Amino acid sequence: MLNVRDLTKRFRDTTAVDDLSFNVAAGEVLSLLGPNGAGKTTTFLMLCGLVRPDTGVISWDGTPLGPRRARTIALIPENPEVYPSLTVWEHIVFSARSCDVPDGWEVRADSLLERFDLADKRDTVGSALSKGMKQKTLIAATLIADSPVLLFDEPMIGLDPAGQRELREMIVDLSKSGKIIVVSTHMLEAAHALSDRALILKAGRKIYDGDIRKLAQENEDLESIFLRITA
Amino acid sequence: MKSIAALWYLDLHRARNTIRAIVRSPARLLVWVFIGLWLALQLFQRTHMPRQVFFFHDLADPYATGIAGLVLVLFGLSLALQTGFGRIMAFGDPVDALFLSRSAIDERLVVLWLQLRQLALNSWRIGFSAVFVSVYFSRGNPVGAIAGLVGVFVLLDLLLLPTALIARRTNMVKYLWCAIAVIGTLVFVGAFLLPASIGELGLGRALIAIWHGDRVALAILYACILAVIAGGLARANDVYPEFYASARWLDTARARGRGGGLFSLPASSKVTRSGSTMLRGPWVEIWKQLAFLRRGNGMAIMVAGTIIALALGIAGGVGQQRAGGGFALIGGLTLLPLVLLVQTTRSVSLAQDISKPLWWMGDGSVFAKLAVWTFASSLPAVAFVALTTATLFAIISPARGLLYIVCVSSAVVVSRAVGMLGYALTPSLIDQRGPGMVIRILIFYAASIAPLVLAVTAGFFGRSADLGVACGSLVFAGEGAVCVALAAVRLRGRGLEVALAESS
């Protein structure tokens, strides 16, 4: 169980995230929704320890997590950044070695490359990859570390339709294996397909946390719901 | 051991893939091999046959203390610029923060690794400086002088991270380096105005001892280096938020283009009032660079630079009036080459501009755009030397001031034009930091020969130093224009290709 309590972050006069609290159970997929500037990315960065919150506690199974919580909560950022002079395979090897993954990960790495259609790009350096390929490389390198909580920031952007479907299926598989998944997205259909629960942010504050279907009024589509709530 | 092995794997494979990319490109390989061999030859020559040209340790006070003051000014300003008033320039890329923050590697090891990586990245600059400058600092002990110079440069690099880590907790440290620069200015000024009292501080003698390769001085210097490394490790806890912020900060700076260099780094994400400009076509670049400067840390650095420039100008002017005998000329011949050296070692990056159709579609020729960019990106350095010169000549000879302001400013812009040509020849940032830096310096030296010869000839036959300087500067400016024109020819129609080559 991931437990977030009273998370707040201010940048000078702007409150990016304001007193945010929520829980996510093992095997659950939570969709984090909100307009641009709502505080989704800042929330993710605080969860994985790359931004220091002003207040708040982040706990995993009842134990508060310290500054090195990225070992438990791994982020796959919106902008896929990879080492320009490292190959796809070398990213995975470095991730496995630096995270001290037990022996035998090579088989899993090979299957990840196959699954993401990266096998023929195995020896291609980062600077020569397309945005979608970089995204897949980063996801594969993250998955090899086997973190119990995965944060996907706008994961569908940059992926082709086949890649998007593959990622959706993989997220569902990961949640079934007991991992906690939090997905930030603007693609409401994707959010609906991935999860039943949505957490909506507006100007850093939580304005809704619950079943995504209960938001809908009669004959109202997802886009209208989103625009109505965040207006 | 596993952590060390992981970091070793990262660096080894990154280096190996980079070397492979260089080897696959015959032109790049030729440049690396040629410059590498040439540097090795120079090192051999200078350690075995030291030339009897000029030796720093022969200098007496007040000159020794004055130059020590100048070194402190450069030391303080360099660190203030590189730490960006308290920013940590640890990770060059956010991907480091992403991968290392979730790793099992101890933060202290990461900080140590970053310090060593910083040294490795600057090894060309350190090596080049040590090889070429050391010979002037020691008679008969070039190895000791090289050790001293390397030690000073290493200390300069290693100080960045620990002080920035300390600056996380206090606002005092971020101004430390500016304070050192100001103290250096006071020492420089005081050395000539109050020689007896300042000279007794022994600052000049301490510096001479290091550059003379004195064993005790070297032992103290290297003990300081070890203490700085230990200081960095002691502060290495909960570092990733700052490291990530610094990487993002650098990313933003890169997106703004390196035209303004460190001056263009954003001071904050706070929204400022939008501006407008009367400038049109390629001239808009000047407005853009000034906007970066206004909204970045550049403005605070410019204030410090203005104070230092005024102080140096006053010191030079008053010193010339009191001591005479070409005092201002000696000061100028010390300061200007240092500014030009810093300008010439700066890399050029145009990827953000030339990779976009908008840049090519805009009004003005490629030459005009590059020329304006060259001028605009030199503005902070031009302002510094122009202000120093203006203050100096306001005291000694106001009528001749304008001529010399134009001359030193054009020299600074030409040094950037040489950088532009270097970029067109070797756009890769790795190459620019390595052999590209040496090539730029050599081109600049070569370009200086004709103007110098002409200046001496015209000055001799015209019996006027001013005439000589004016003629020399005119030719120098012409050479700068040729450099930009050659760069324009090489870049025309190859925007995306060159932009991609930048990251190779």
Side-chain angles (χ1 to χ4, degrees), chain A residues 9 11-14 16 41 45-46 48-53 66-87 89-102 123-128 134 137-138 141-142 144-147 149-151 153, chain B residues 1-22 91-107 109-110 113 168 237-248 251 267-271 428-430 499-504:
Chain A
K9 182 67 190 177
F11 295 105
R12 293 175 187 256
D13 302 331
T14 309
T41 300
L45 291 171
M46 283 193 287
C48 73
L50 290 178
V51 165
R52 195 175 291 118
R68 297 299 307 271
R69 53 185 172 274
R71 294 194 66 188
T72 309
I73 307 171
L75 170 70
I76 292 129
E78 178 186 356
N79 193 15
E81 283 142 343
V82 295
Y83 289 110
S85 54
L86 225 54
T87 66
W89 177 252
E90 285 163 353
H91 276 88
I92 295 173
V93 174
F94 175 61
S95 191
R97 286 195 180 186
S98 64
C99 295
D100 209 3
V101 177
D123 297 323
T124 305
V125 289
S127 59
K134 286 179 184 171
T137 302
L138 205 53
T142 306
I144 203 74
D146 208 21
S147 304
V149 182
L150 295 166
L151 312 174
D153 194 3
Chain B
M1 284 306 286
K2 282 184 179 176
S3 298
I4 294 171
L7 291 172
W8 173 244
Y9 178 89
L10 175 67
D11 278 342
L12 182 72
H13 284 256
R14 286 172 77 180
R16 193 191 66 181
N17 293 339
T18 303
I19 291 167
R20 276 182 183 168
I22 292 170
F91 288 159
D93 207 318
V95 69
D96 277 327
L98 201 64
F99 274 86
L100 292 170
S101 66
R102 66 174 176 232
S103 72
I105 302 170
D106 191 289
E107 283 175 294
L109 182 61
V110 171
W113 171 70
R168 296 188 298 169
N237 64 312
D238 191 14
V239 294
Y240 289 108
E242 277 78 20
F243 285 3
Y244 181 73
S246 77
R248 282 276 160 237
D251 248 17
S268 75
S269 56
K270 197 176 176 181
V271 177
S428 162
L429 287 174
I430 293 168
L500 285 172
E502 240 190 73
S503 59
S504 65

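These values consider heavy atoms only, across backbone and side chains, with no hydrogens, waters or symmetry-generated copies. Quick caveat, the model's predicted, so the values are computed rather than measured.
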Gap between atom [atom2] of [Y] and atom [atom1] of [X] - 0.5 Å precision:
| X | Y | atom1 | atom2 | answer |
| --- | --- | --- | --- | --- |
| B:Leu98 | A:Ile76 | CG | CD1 | 8.5 Å |
| B:Ile430 | A:Ser85 | CD1 | OG | 6.0 Å |
| B:Leu10 | A:His91 | CG | NE2 | 8.5 Å |
| A:Arg68 | B:Ser103 | CZ | OG | 5.0 Å |
| A:Arg71 | B:Ile105 | CZ | CD1 | 9.5 Å |
| B:Leu7 | A:Ser98 | CG | OG | 8.0 Å |

Can you tell me which portion of [X] sits under 4.5 Å from chain B's heavy atoms? Options are side chain, backbone, both or neither.
| X | result |
| --- | --- |
| A:Thr87 | both |
| A:Ala96 | neither |
| A:Leu45 | side chain |

Evaluate the criterion salt bridge (charged side-chain N to carboxylate O under 4.0 Å, His left out) for residue pair A:Glu90 and B:Arg14; output intermediate values, then yes/no.
CA-CA 9 Å; A:Glu90 285 163 353; B:Arg14 286 172 77 180; over 6 Å; no
A:Thr142 side chain to B:Arg102 side chain, donor-acceptor N/O pair below 3.5 angstrom:
yes
Using every non-hydrogen atom in the two residues, find where A:Tyr83 and B:Asp96 come nearest and quote the distance to one decimal.
OH-OD1, 2.6 Å
side-chain hydrogen bond (donor to acceptor under 3.5 Å, both in side chains) partners for A:Ser95, two or more places apart
none
Which residues share a side-chain hydrogen bond (donor to acceptor under 3.5 Å, both in side chains) with A:Asp153, sequence neighbours left out
A:Thr41, A:Ser184
Pick whichever of A:Val82, A:Leu75, A:Val51 has the most heavy-atom pairs under 4.5 Å with chain B.
A:Val82
Is there side-chain contact between [X] and [Y], with at least one heavy-atom pair below 4.5 Å?
| X | Y | answer |
| --- | --- | --- |
| B:Pro241 | A:Leu50 | no |
| A:Arg52 | B:Tyr240 | no |
| B:Leu100 | A:Phe94 | yes |

Under 4.5 Å from a heavy atom of chain A, the part of B:Arg16 involved
side chain
Toward chain A, the part of B:Ser3 with a non-hydrogen atom under 4.5 Å:
neither
Run the side chain to side chain contact (heavy atoms under 4.5 Å, CB included) check on B:Tyr9 and A:Leu86 step by step: do they pass?
CA-CA 10 Å; B:Tyr9 178 89; A:Leu86 225 54; 5.6 Å; no
